[in-house]
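Remarks on the structure that follows.
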Number of protein chains: 2
Amino acid sequence: MPMTVSAPIARLVDLEDSDQDAFCSTIRSRRRISARDDVFKEGFASRYISLILSGWAYRYKQLEDGRQQILGFLLPGDLTEASPVNGYLLDHSVGALTDLICADISHEALATVCLSRPAIQKALAGEALAMSSIQREWLMSLGQRTGTERLGHLLCELYWRLGRIGSVQAETFTLPATQGDLAAALGLSTVHVCRKFAELRELGLVQTSWKKVHICDVAQLQALSCFRPDYLYFSEALTGGHGWAAHGPGRPPAHEDDIFSRSNVPRCRRLRSELEAADFSLLRELGRSGTSHCGAGYSVPGAILKAYCQSALNCRMAALSGCFGRNEASTIKI
Amino acid sequence: MPMTVSAPIARLVDLEDSDQDAFCSTIRSRRRISARDDVFKEGFASRYISLILSGWAYRYKQLEDGRQQILGFLLPGDLTEASPVNGYLLDHSVGALTDLICADISHEALATVCLSRPAIQKALAGEALAMSSIQREWLMSLGQRTGTERLGHLLCELYWRLGRIGSVQAETFTLPATQGDLAAALGLSTVHVCRKFAELRELGLVQTSWKKVHICDVAQLQALSCFRPDYLYFSEALTGGHGWAAHGPGRPPAHEDDIFSRSNVPRCRRLRSELEAADFSLLRELGRSGTSHCGAGYSVPGAILKAYCQSALNCRMAALSGCFGRNEASTIKI
DNA sequence: CGCCCCTTTGAACACGCTCAATAACGGTGG
DNA sequence: CCACCGTTATTGAGCGTGTTCAAAGGGGCG
C-alpha cells in the first residue's frame, strides 16, 4: 500500500514491514475533511476507526449551553480509537482543526488482522494506553496546574509528540490551533491564554509568530510546567533521551504534504514585522540588499538565511525558520 | 469459584455462567488492603490487574510539589486496568479509599482466556471504553463546569454507578470519601467543596449525614449538573430507564461484607443529632419510648423505623435509613 | 476522657473571567 | 496594488469564583 499511509503508522508503532502491510490492508478508504468539519459526531454509532494521515484533529465534547471542552489533539499518525469495538455510541466528537486527510479502517477488518498479527494487537493496546495516559495528564493539568503551567505543559506535550513524527525543526513547530482552541483545551478563557502566552514569552521560554511556536528553553519550560515525558510512552523518553537530541538529526525531515504548507508560504509583511534594526544589519551581511516587491527590503538566499536561523545565535529569528518554504535554493525576499 | 468473586463481575459485564467461571479461573490470589494504602504505585511495572471485590479505591497522580489529583473512583466490581498488557510502567497510582479486598489477575492468564472467550474480550473492551468515557466526562467537568456543577455531577455519577451494583437504597448511598478527597477529585479546595455541599443542601437537592448522601431530587440534580447518564454505557441508561426505578426493586440488595459495615453501626449521638422535635413525636408513634444506654431516648423496632424512613415521607430521615444495621429485626435505640 | 481528623464558618486575597476596544493578519474583490 | 472584511491576537478595567489562612466545633476511636 501507499507510502503515505505506512509512514505515519510506522512512526507511531514499531511494526515490521509485513505487519505494516497487514495494517494497511485494513484501510477501506480515505477521506479529505475541511477544517472545522467533524470527523465523527457524538451520539452516532462507531462504524470505523480513522487514522490521521495529515493535519490536526481534536476530540471534543459540548454541553447543552454551548460550553465546549477539547479533550485532546490528534496528530498525523494518530488513531481516533484504539480498540476495534463495533457499533457502540460515541461519547464525544472529533473535529478537524485543519484540513485533513484520514484513512478509514473498518472494525471487522482490524479485529481480524489483530487475531493473526499479535504485533498489531499489541501496538493498538499500546496506543490505547498512551491515549488514556495523556487524558489522565490533562486531568492533572485541569485539576491542579495553574494557567501558566497548563499552557507550558500542553506546549511540551505537543513538542514531544510532534518531535516524534519529525515535525519539529530547530525547536520550532507549527501550531494550527487558535488561542480560542487552546483555551477550550486548557479550561481557560481566550483572553487568559493570550496573557499566559505573553508571560511565557517574557520569561524567555517560548517565542511565537504566525502559528509557529519556538521553544527557547525546553528544560526550563518542562520544569516550570511540571512536565515529565514518561507518560507519553515513547521509548526515547524512557531511555533518558532529552528533548530534540533524542529525535533530531537521525530522522528524515517531516513530509509536509498537507495544508500546513499553506502557512509556510513566506509573507513579506509577516517576516518584516518580526525583525528589528539589528536583524536588518545582519541580513545585509548575509545577502544583498535591494528592493523587493514588498517595498524596500532584502533578498537573501533561502539556504543561507535558513542556516543562519538554525544556528540559533539569534533566538528570535530561529522562530522564523519554519516560515520559509521547503525549497532552500530559492531566494527569500524580506 | 467463590460467589463473592463472581457477584461483582457479573453485575459489570453481562457474561454467561461459563464465561464467568473462565474469568474467575484467572484469579491468582486475593489481597486485603488497608484504607489509604496503595494498591498500585506509579512508576512500577504492571504485573497484574486487580478486581475490586469490596470497598472503594481511587486512581491518583501526584506532582513533585505534593499537589494531588484524583483521576477516578473504583467501586466494587471495577478493574484497575482493562487491557491485559504486561510490563509497562504505570503512569498513575491506585490507592485504597477504604479497607478493601481485591482479586489479582495475571495478564497472561487473562490474555489466554480472552483468546478462547470472545465474550470476555468484548467485556474487557467495553470496560475500557466506559473507563475512558468517564475520564473524558471528568475532563469536561474540570474544564467547563462550575464548582456546584462539578460536585453535583460527581454525585450523579456515583449514584448511577452504585445503583448499578445495588448499593443505593432509598436514593441514599454511602460516600466514604472525605471532602478533601472530593476536592482532590474535583480540582477544588476542601473549603470550597464544603460550601458547595451546603449550597446543594440549601437547594434541597441532597442531604448529607455521616458519610451518607441522600439525593432528594435526582432529575433536578442532573439538570443542574448537566448530567446525562449515557456516557456510563449502562444499558439501563440507554433504554431510557431513569434513576432508581431502573435498578431498584428487581435486584438483590448489596452484599455489604466490607468495611462499610463499620460505619453502619448506629451511633446514638449521631442519630439523635439528626432528628428534630417533630421526628421524636413520630418516633413515639412508631415504637415505644424509653431510656436507652445512650441517655433518654426511644427504642424502635428496626424494621418499622426502616420502613418509615424508606417511605420517604420524611426526606431528611430517609437519609438516615442507611445508618441502620442489616438486621432489621433488631431494635434500634435512639 | 482526650486526641485527631473532618467539617464548617469567616475574612482577605488572587487567579482567572467578562466586557469592550483596538490592533494585526490573511483573504478577497476591485 | 489597495481597500475592505472577518478572524485572531492583544490590552485594559472591573468583577466573581474559588483560594488561603485561621479558628472553632463535631464526631469517632483508642
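One interatomic measurement links the two molecules: CG of A:L151 to C1' of D:dA9, which rounds to 14 Å at whole-angstrom precision. Going from atom CZ of B:R195 over to atom P of D:dT17 covers 13 Å, rounded to whole Å. Rounded to whole angstrom, the span from the CZ atom of B:R67 across to the C1' atom of D:dT20 amounts to 15 Å.
Shown here are the side-chain hydrogen bond (donor to acceptor under 3.5 Å, both in side chains) partners of B:Q135, two or more places apart in sequence or in another chain: there are none. Residues forming a side-chain hydrogen bond (donor to acceptor under 3.5 Å, both in side chains) with A:Y60 (at least two apart in sequence, or on another chain): A:D38.
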List, with names and distances, any nitrogen or oxygen atoms from the protein found under 3.5 Å away from nitrogen or oxygen atoms belonging to nucleotides 5-8 of chain C.
unit_1 : atom_1 : unit_2 : atom_2 : d
C:dT7  : OP1    : B:Q179 : N      : 3.3
C:dT7  : OP2    : B:Q179 : N      : 2.8
C:dT8  : OP1    : B:R201 : NH2    : 3.2
C:dT8  : OP2    : B:Q179 : NE2    : 2.6

Using a cut-off of under 3.5 Å, enumerate the N/O to N/O pairs linking the protein to nucleotides 13-16 of chain C.
unit_1 : atom_1 : unit_2 : atom_2 : d
C:dG16 : OP1    : A:G147 : N      : 2.9
C:dG16 : OP2    : A:H192 : NE2    : 3.3
C:dG16 : O5'    : A:H192 : NE2    : 3.4

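In this structure, A:Q222 contributes its side chain and A:R228 its backbone to no donor-acceptor pair below 3.5 Å. A:D99 contributes a side-chain N or O that, together with a main-chain N or O of A:A35, makes up a donor-acceptor pair within less than 3.5 Å. No donor-acceptor pair closer than 3.5 Å links the side chain of A:H214 to the backbone N or O of A:S209.
Using five terminal pairs a side, the axes of the helix from C:dC1-D:dG30 to C:dG30-D:dC1 at its two ends make an angle of 40°, given in steps of 10 degrees.
If you take CZ on B:R150 and NE2 on B:H153, they are separated by 12.0 Å, rounding to the nearest 0.5 Å.
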Which side-chain N or O atoms in residues 176-184 of chain B pair as donor and acceptor under 3.5 Å with protein atoms at least two apart or in another chain?
unit_1 : atom_1 : unit_2 : atom_2 : d
B:T178 : OG1    : B:G180 : N      : 3.2
B:T178 : OG1    : B:D181 : N      : 3.1
B:T178 : OG1    : B:D181 : OD2    : 3.2
B:D181 : OD1    : B:R36  : NH1    : 3.1
B:D181 : OD2    : B:R36  : NH2    : 2.7
B:D181 : OD2    : B:T178 : N      : 2.9

Working note: A:L221 + A:F227, criterion side chain to side chain contact (heavy atoms under 4.5 Å, CB included); need CA distance, chi angles, decisive distance, verdict.
CA-CA 8 Å; A:L221 185 62; A:F227 180 94; over 6 Å; no
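Between the side chains of B:R145 and B:S225, not a single donor N or O lies within less than 3.5 Å of an accepting N or O.
Looking at heavy atoms from C-beta onward, A:L205 lies out of side-chain contact with A:L155 at the 4.5 angstrom threshold.
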